[in-house]
**Student:** 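Got a structure here, written out as structure tokens. Questions coming.
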Amino acid sequence: MNRGAVLVVDDEAELRCSASEWLSLSGFSVVTAKDGAEALAWLDRQPFEALVSDMRMPGMDGLGLLDAARLKRPLLPVILLTGHGDVTLAVEAMRAGAHDFLEKPYDADHLVAVLDRAVALGRLKKEVSRLRVAAGGDLESRFVGSSPEVVALRGRLAPLCDLDVDVLVNGETGTGKEVVARALHDLGKRRDRPFVALNCAAIPESIFESEVFGHDRGAFTGATQKREGKIEHAHGGTVFLDEIETMPPALQAKLLRVIQERVVEPLGSNRQVPVDVRFIAATKTDLRREGEAGRFRSDLYFRLATVEIAIPPLRHRRDDVGLLFRHFCEDAARRHKFAVPAVSASLVGRLEAHDWPGNVRELKACAERFVLGLPLAFGSVAQTASQDTAPLPERVAAFEARLIREALDDNGGSAPAASVSLGIPLRTLNEKIVRHGLREMIG
């Protein structure tokens, strides 16, 4: 029985060879690499259950490889081999996410025992992740809410995670189209392979073909070396095509062929490179209508839309606004190391009444401002920007006025009750009410 697939990285050929021989005899499937760059290339080509790397190597050292490997394979256990003087560095690596470290010269049997534990732990994590996907559990942390719309969305996504079908995600700006794409990738069987996001609107048309499909040396002026395209780089993983409706028409035909044939033909080359990728495209327009109007290839739309997911705008699930706002407040407070501020019923009411043209993204920004004590702006971008640049006394005054307004709202316009809830004398509150022009709120 194979004890696990292991990648061994060391710049010394003799040490690579001896480790490979012993581990192979012990029942592991072993691949070796002479440096970090070669190791990362192997991680792109095939799955491994553990990585063993020397700490000191020319170019990318063990810590650099650890960081890069964790980006590609978050669940991959990494074991570092250290010299006598590197123990402090190894402890730092453990804090950065390494599974274990061994001090050189290490005992070969001890390495086998450490690898057995690492492989077992990695398999357990993958199984837990698989079960979580099957139950739809992790989707709840990514799509917070209890409205029928978001419950239905989670229900549609759960069975799609492990299916190799292309998906078209439709939704307004800020609804979470990339969150959907990330969930389908992270919770599916391609989770250990690359997730490559392409914003079709952000890549200039002049370099789009080279960036996405790659090019050979000499393909055009300045092409001094071969370049791997984004789709080829995503081999085994997922390609996310954001704002697909902005893709130049001439390139839509080439993308259609890639999706149909699963081969990429780099610019300036006659060779065809097979690719194993899942395509997830996102749009904020109706591509069917765009196709009927001649602005988008209908055949590309039908090829992309094997499964079509529509994300509801926030105004269609107002019952989730309060829950989402509190969730984002907790997240912002944790990141900034602030206390989580109290969210009053009156504030939730005002949040739910707002239409949120920027959807969840706008609400998240609003929650962050609330945690930082900045004035909440439900209005225009220009208004928000002007408040961000206001002097500190004006921001403090606006924050104080907002708290008093909410306290009066929550207490039916009663100043005495509001003074108690705010913890300040009634006389002080009355002075502040006059100063902030809030007398019309007193019942």
**Student:** For the CG atom of Leu66 and the CE atom of Met55, what is their distance to the nearest 0.5 Å?
**Tutor:**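 One gets 8.5 Å once the value is rounded to the nearest 0.5 Å.
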**Student:** Under 4.0 Å between a Lys/Arg side-chain N and an Asp/Glu carboxylate O for Glu243 and Lys177?
**Tutor:**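 No, Glu243 and Lys177 are not salt-bridged.
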**Student:** Quick one: do Asp54 and Lys104 make a salt bridge, cutoff under 4.0 Å?
**Tutor:**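 A salt bridge is present here (some side-chain N lies under 4.0 Å from a carboxylate O).
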**Student:** Would you compute the distance between atom CG of Leu63 and atom CE of Met60 and round it to the nearest 0.5 angstrom?
**Tutor:**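 These two atoms lie 11.5 Å from each other.
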**Student:** If you measure from the Lys or Arg side-chain nitrogens to the Asp or Glu carboxylate oxygens, is any gap between Asp216 and Arg227 under 4.0 Å?
**Tutor:**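 Looking at Arg227 together with Asp216, the answer is no, because their closest N to O distance does not fall below 4.0 Å.
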**Student:** Please check this pair: side chain of Asp162 against backbone of Lys189, looking for a donor-acceptor N/O pair closer than 3.5 Å.
**Tutor:**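 Side chain of Asp162 to backbone of Lys189: a pair is present.
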**Student:** Does CZ in Arg289 sit with more than 12 non-hydrogen atoms of other residues, nucleotides or ligands closer than 6.0 Å?
**Tutor:**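 It does not: Arg289 CZ has 12 such atoms or fewer within range.
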**Student:** Less than 4.5 Å apart, any side-chain heavy atom of Asp11 and any of Pro58?
**Tutor:**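 Answer yes - side chains close enough.
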**Student:** Between Ala39 and Val9, what is the shortest heavy-atom contact and its length?
**Tutor:**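 Looking at all heavy atoms of both residues, the closest pair is CB-CG2, 3.6 Å.
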**Student:** Would you say the side chain of Glu362 lies within less than 4.5 Å of the side chain of His354, judging by non-hydrogen atoms?
**Tutor:**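 The answer is yes; the side chains approach within 4.5 Å.
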**Student:** Any salt bridge between Glu245 and Lys284, counting N to O under 4.0 Å?
**Tutor:**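 A salt bridge is present here (some side-chain N lies under 4.0 Å from a carboxylate O).
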**Student:** Under 6.0 Å from the CG atom of Asn270, do we count more than 12 heavy atoms belonging to anything else shown?
**Tutor:**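 No, CG of Asn270 has 12 or fewer neighbouring heavy atoms, counting only those of other groups under 6.0 Å.
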**Student:** Give a yes or no on whether Gln260 atom CD has more than 12 heavy-atom contacts from other residues, nucleotides or ligands under 6.0 Å away.
**Tutor:**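 Atom CD in Gln260 is packed in, count exceeds 12.
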**Student:** Salt-bridged, Glu265 to Arg271, with N to O below 4.0 Å?
**Tutor:**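 Answer for the salt bridge query: no.
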**Student:** For the pair Glu261 and Arg257, find out whether any cationic side-chain nitrogen is under 4.0 Å from an anionic carboxylate oxygen.
**Tutor:**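 Salt bridge between Glu261 and Arg257, a charged N being under 4.0 Å from a carboxylate O: no.
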**Student:** Pairs in or reaching into residues 330-341: which pass salt bridge (charged side-chain N to carboxylate O under 4.0 Å, His left out), with residues at least two apart or in two chains?
**Tutor:**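 As it turns out, the salt bridge (charged side-chain N to carboxylate O under 4.0 Å, His left out) pairs with a partner in residues 330-341, which skip direct neighbours, are Asp331-Arg334, Asp331-Arg335, Arg335-Glu368.
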**Student:** To the nearest 0.5 Å, how far apart are OG1 in Thr283 and CZ in Arg288?
**Tutor:**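 If I round to the nearest 0.5 Å, the distance is 13.5 Å.
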**Student:** For Phe279, does its backbone N or O pair with a side-chain atom of Asp166 as donor and acceptor, under 3.5 Å?
**Tutor:**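 It does hold such a pair.
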**Student:** Quick one: CD1 on Ile280 to CG on Asp242, what's the gap to the nearest 0.5 Å?
**Tutor:**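 That separation rounds to 11.5 Å.
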**Student:** Give a yes or no on whether a salt bridge exists between Glu290 and Arg295, defined as a side-chain N under 4.0 angstrom from a carboxylate O.
**Tutor:**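 Between Arg295 and Glu290 there is a salt bridge, with a charged N closer than 4.0 Å to a carboxylate O.
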**Student:** Do we see a donor-acceptor contact under 3.5 Å between the side chains of Asp320 and Ser147?
**Tutor:**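 Yes, a side-chain donor-acceptor pair sits under 3.5 Å.
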**Student:** Within the structure provided, determine whether Val239 and Leu198 are in side-chain contact (heavy-atom separation under 4.5 Å).
**Tutor:**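 Result yes, sub-4.5 Å side-chain heavy-atom pair found.
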**Student:** So does Asp164 pair up with Arg190, basic N to acidic O under 4.0 Å?
**Tutor:**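 So Asp164 pairs with Arg190 through a salt bridge.
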**Student:** Which pairs pass ring-ring contact (aromatic ring centres under 6.0 Å, His included) with one or both residues in residues 305-325, sequence neighbours excluded?
**Tutor:**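 Checked against ring-ring contact (aromatic ring centres under 6.0 Å, His included) - neighbours excluded - the pairs reaching residues 305-325 are Phe325-Phe370.
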**Student:** First locate atom CG of Leu51, then atom CG of Leu65, and finally report the distance between them rounded to the nearest 0.5 Å.
**Tutor:**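 Nearest 0.5 Å value for the CG-CG distance: 5.5 Å.
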**Student:** Mind checking whether Thr246 and Ile244 have side chains closer than 4.5 Å, heavy atoms only?
**Tutor:**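 The answer is no, as the side chains (C-beta and beyond) never meet within the 4.5 Å cut-off.
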**Student:** Is a side-chain donor or acceptor of Trp22 paired with a backbone partner of Leu111 at a separation under 3.5 angstrom?
**Tutor:**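 No, the answer is negative, given that no donor and acceptor are paired below the 3.5 Å cut-off.
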**Student:** How far does CZ of Arg45 sit from CG of Leu40, to the nearest 0.5 angstrom?
**Tutor:**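 Spacing of CZ (Arg45) from CG (Leu40) equals 11.0 Å.
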**Student:** Going through the distances and angles, do Glu12 and Arg56 end up as a salt bridge (charged side-chain N to carboxylate O under 4.0 Å, His left out)?
**Tutor:** CA-CA 11 Å; Glu12 296 186 41; Arg56 302 274 183 187; over 6 Å; no
**Student:** Search all heavy atoms of Arg297 against all heavy atoms of Ala253 and return the closest pair with its distance.
**Tutor:**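 In terms of heavy atoms, the two residues are closest at NH1-CB, 3.6 Å.
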**Student:** Which pairs, with at least one residue in residues 169-211 and sequence neighbours excluded, count as a ring-ring contact (aromatic ring centres under 6.0 Å, His included)?
**Tutor:**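 For residues 169-211: His185-Phe195.
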